[in-house]
Amino acid sequence: MIEIDNISKKYGTFQVLRDCSTSVAKGEVVVICGPSGSGKSTLIQCVNGLEPVQQGRITVDGMNVTDKKTNLTQLRARIGMVFQHFELYPHMNVLENLCLAQEKVLNRTRSEAVAKAEALIERVGLSDHIHKHPGQLSGGQQQRVAIARSLAMDPIAMLFDEPTSALDPEMINEVLDVMVQLATDGMTMMVVTHEMGFARKVADRVVFMDEGRIVEDRKTEDFFSDPESPRLRDFLSKILQY
Amino acid sequence: MNYNWNWAVLFQDPYLGWLISGLGWTVSVSLCAWVVAFVIGALIGVGRTVNNRLISGLCTAYVELFRNVPLLVQLFVWYFAIPEMVPDGVGHWMKREMPMPEFTTTVIALGLYTASRVAEQVRAGIDSIPKGLKAAAKANGLSGTQVYRYILLPISFRIIVPPLTSEFLTVFKNSSLALTIGLLELTAQSQQIADYTYNSFEAFTAATVIYIFIALVVTGLMQIVETRTAIPGQSGKGA
């Protein structure tokens, strides 16, 4: 479904990504972790073309993201993305957040869009809040709305860029519950996160990045039980210490 | 001080009529100039933020030109110089046949000048929106135009209501410069009353009070706009 083939990227003289290659098969859940500044967020933002790459190739469902001729708008409508800071449209209520792109991009009728939105909002447990604005919701609720907004587009895959990093500890679980449910339902997912419990529970593979390189790309059980590189062993020992 | 106070003169014929007529010209020229300023300012402001060097460069050049030349000079250029510089037929039309030449020229000069200032507010409003929101809108599948139409503009216009109020007020005050090209707006009429009656203090007090009244009405209206468009759950009015 998602093929990342030897991509490299620089910001000015700073090399953010170096020859990264990995892939996500249909229905697979891949978690990407690594220290700050290792390039994991940049990598995931390259997948739907939010960040351009200088070298290498990314294809999603056969469409070449890195080709300048590709219609990125069309591609992005088919890939869901959830951000660290939710990024809901602050001037629209929850319902309108979910309906906007359905109506303006997918040309669904108002009633189709509303029906879809209501069903998804119920699925993330926020039916009582559908007419509220994002500023009136907690962080966890906003992130669940953001997930529902992406799902409203019937995406072929979902990208998560540190979806729980900006949340209070109490709210992390409500968001992870929704993500686990999605994974169990067979959604193709690429998730940048430090939630190792989530990775153990639903990830098929875990990718470890450091200094712009993919250091390890392993099956989940091997990743935790048998880390090969000293850098990953060091990282795991630190984050699993408590 | 040997000054002959006579407030009643303001309510005598024809002076009251002059004040009312002056008020009418001030309000109409200002409102028309504001429409020009708002439309062109919004376009130029958006143009400065787009990812196209030619467009953003041209829009920046517009702002730097119109913002940095004194308004009075711009008014004179539009009124005295432009008709001489354009082809003869057009120049002749501007001088002889253009309807209400003083009014039209003021609307253009004041509108285009204020547009450069509105453009800066619009650009600042758009720039103040976090980059992540734009990325999220694009990730949601919206095209570049749709991101502006549905996300960036509705949010930035809400943010810039207070500074736009100041610009709107400034248009009314700047409209007084139109007297230099012969538009009989409020300041010109007050001056005329002072000349005819020698009651200059009363005449200019009338102008002062009327300008303040206009300003308070505009401020009140803009506060209603601000409250009506406030985003629920965000700090500020209506939160």
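Keep in mind that the numbers below use all heavy atoms, side chains included, and drop hydrogens, waters and symmetry copies. Residue numbers begin at 1 in each chain, while the letters A, B, ... track the order of the sequences.
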Residue, of K104(A), M81(A), M153(A), that accumulates the most heavy atom pairs under 4.5 Å with chain B | K104(A)
Verify the ring-centre separation between F204(B) and Y211(B): is it less than 6.0 angstrom?
-> no
Taking L106(A), T73(A), L88(A), L137(A) one by one, which has the highest count of heavy-atom pairs under 4.5 Å against chain B?
-> T73(A)
Give, for atom CG of L65(B) and atom CZ of R67(B), the distance between the pair rounded to the nearest 0.5 Å.
-> 11.5 Å
Okay, L72(A) and chain B: the region with an atom under 4.5 Å from a heavy atom over there is neither
At a heavy-atom separation under 4.5 Å, does H85(A) approach chain B through its side chain, its backbone, both, or neither?
-> neither
Using a strict cut-off of less than 4.0 Å between a Lys/Arg side-chain nitrogen and an Asp/Glu carboxylate oxygen, indicate whether E103(A) and R108(A) qualify as a salt bridge.
-> no
Only residue of R149(A), K132(A), R110(A) satisfying salt bridge (Lys or Arg N to Asp or Glu O under 4.0 Å) with E96(A) is R110(A)
Taking only Lys NZ, Arg NE, NH1 and NH2, and the carboxylate oxygens of Asp or Glu, determine whether E120(B) and R48(B) approach each other closer than 4.0 Å.
-> yes
Interchain contact, L50(A) with chain B, by part (heavy-atom threshold 4.5 Å) | side chain
